[in-house]
Amino acid sequence: MISASLSPMARIWHIVGLIPEGKVSSYGKVADLAGLPGRARYVSQALKLAPTELNLPWHRVINSQGKIAFAEHTPAFIEQMQRLRSEQVIVNRGRVALSNYQWRPDLATLVLELPF
DNA sequence: AACATGACGCGTC
DNA sequence: GGACGCGCCATGT
């Protein structure tokens with residue numbers, strides 16, 4: 001049977017790792033895809049605790065309004081904005097147009113790529 | 001055990 | 001759009 005032993009946190013990290021360059025997803029969406037509906041806050045925590053060696057594209061995760069979650073002008077905010085811009089994502093006042101950049105994974109891809 | 005704190009989200013006004 | 005309130009829940013004091 002498909003492994004269900006992967007920890008919630010590991011599942012979140014895995015989902016984030018699937019977000020393609022130039023695309024973004026939200027904390028809530030990642031939580032849903034990881035099988036943890038309603039637990040967006042847990043996703044932010046998982047990203048904060050993620051081992052650097054995983055090299056996760058954490059900058060591709062923003063809030064449901066399309067905005068960078070960090071407060072403007074903070075180092076983290078600036079880094080996230082630069083990382084997004086470096087992959088051609090337009091960011092205005094910390095906001096990204098979800099209509100253009102939202103990641104829409106197709107079911108088939110997910111089924112083939114998720115280890116749980 | 002009891003609060004406070006978030007890289008959140010959603011409904012309401 | 002902005003401001004609140006409330007649900008959510010792992011962590012830290």
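Order of the sequence lines sets the chain letters (A, B, ...), proteins ahead of strands, with each chain counted from 1. Note that this is a predicted model, so its numbers are computed, not measured.
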Step-by-step side-chain contact (heavy atoms from CB on, under 4.5 Å) determination, A:I62 to A:Q80: CA-CA 9 Å; A:I62 57 185; A:Q80 184 164 14; 3.8 Å; yes
Please lay out, stage by stage, how A:V24 and A:W103 fare under the test side-chain contact (heavy atoms from CB on, under 4.5 Å). CA-CA 5 Å; A:V24 300; A:W103 176 42; over 6 Å; no
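A:A40 and A:A31 make their closest contact through N-CB, 4.1 Å (heavy atoms, listed as atom of the first residue, atom of the second, distance).
The shortest side-chain heavy-atom distance between A:Y27 and A:R39 does not fall under the 4.5 Å cut-off. Annotation: side chain of A:L114 is in contact with side chain of A:L18 (closest heavy-atom distance under 4.5 Å). A:V61 places none of its side-chain heavy atoms less than 4.5 Å from the side chain of A:S26.
In this view, A:Q102 and A:L98, A:R104 satisfy the side chain to side chain contact (heavy atoms under 4.5 Å, CB included) rule, not counting sequence neighbours.
Taking the 5' to 3' direction, DNA chain C first and last meets chain A under 4.0 angstrom from a heavy atom at C:dG7 to C:dT11.
Residues from residues 39-62 of chain A that place a heavy atom under 4.0 Å from any atom of DNA chain C, listed by number: A:R39, A:R41, A:Y42, A:Q45. Using a 4.0 Å cut-off on heavy atoms, none of the residues of residues 70-105 of chain A approach DNA chain C. Listed by residue number, the members of residues 15-27 of chain A with any heavy atom below 4.0 angstrom from DNA chain C form an empty set.
With hydrogens and angles disregarded, a donor-acceptor distance shorter than 3.5 Å links the side chain of A:D106 to the backbone of A:T109. Side-chain atoms of A:R11 come within 3.5 Å of backbone N or O of A:L6 as a donor-acceptor pair. Not one N or O on the side chain of A:W13 forms a donor-acceptor pair closer than 3.5 Å with the backbone of A:L56. Between the side chain of A:Y101 and the backbone N or O of A:I90, at least one donor-acceptor pair lies under 3.5 Å.
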Starting at the 5' end of DNA chain B, write a dot or bracket for each base, bracketing those in Watson-Crick or G-U wobble pairs whose two distances are under 3.5 Å and using | for partners on another strand. .|||||.||||||
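The stretch residues 62-81 of chain A participates, sequence neighbours left out, in these salt bridge (charged side-chain N to carboxylate O under 4.0 Å, His left out) pairs: A:E79-A:R83. Legend: side chain to side chain donor-acceptor pair (under 3.5 Å) pairs involving residues 43-52 of chain A, not counting sequence neighbours: none detected. Residue pairs meeting the salt bridge (charged side-chain N to carboxylate O under 4.0 Å, His left out) criterion with at least one member in residues 15-30 of chain A, sequence neighbours excluded, do not occur. For residues 50-63 of chain A, the salt bridge (charged side-chain N to carboxylate O under 4.0 Å, His left out) pairs, not counting sequence neighbours, are A:R60-A:E87.
The distance from atom CG of A:N63 to atom C1' of B:dC10 is 12 Å, rounded to the nearest whole Å.
Hydrophobic clustering (side-chain heavy atoms under 4.5 Å, transitive across Ile, Leu, Val, Met, Phe, Trp, Tyr) keeps A:I19 apart from A:L112.
In this structure, A:L107 belongs to a hydrophobic cluster whose other members, linked by side-chain heavy atoms under 4.5 Å apart, are A:V111.
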Using atom names, set out every protein N or O paired with an N or O of nucleotides 2-5 of chain B below 3.5 Å, distance rounded to 0.1 Å.
none

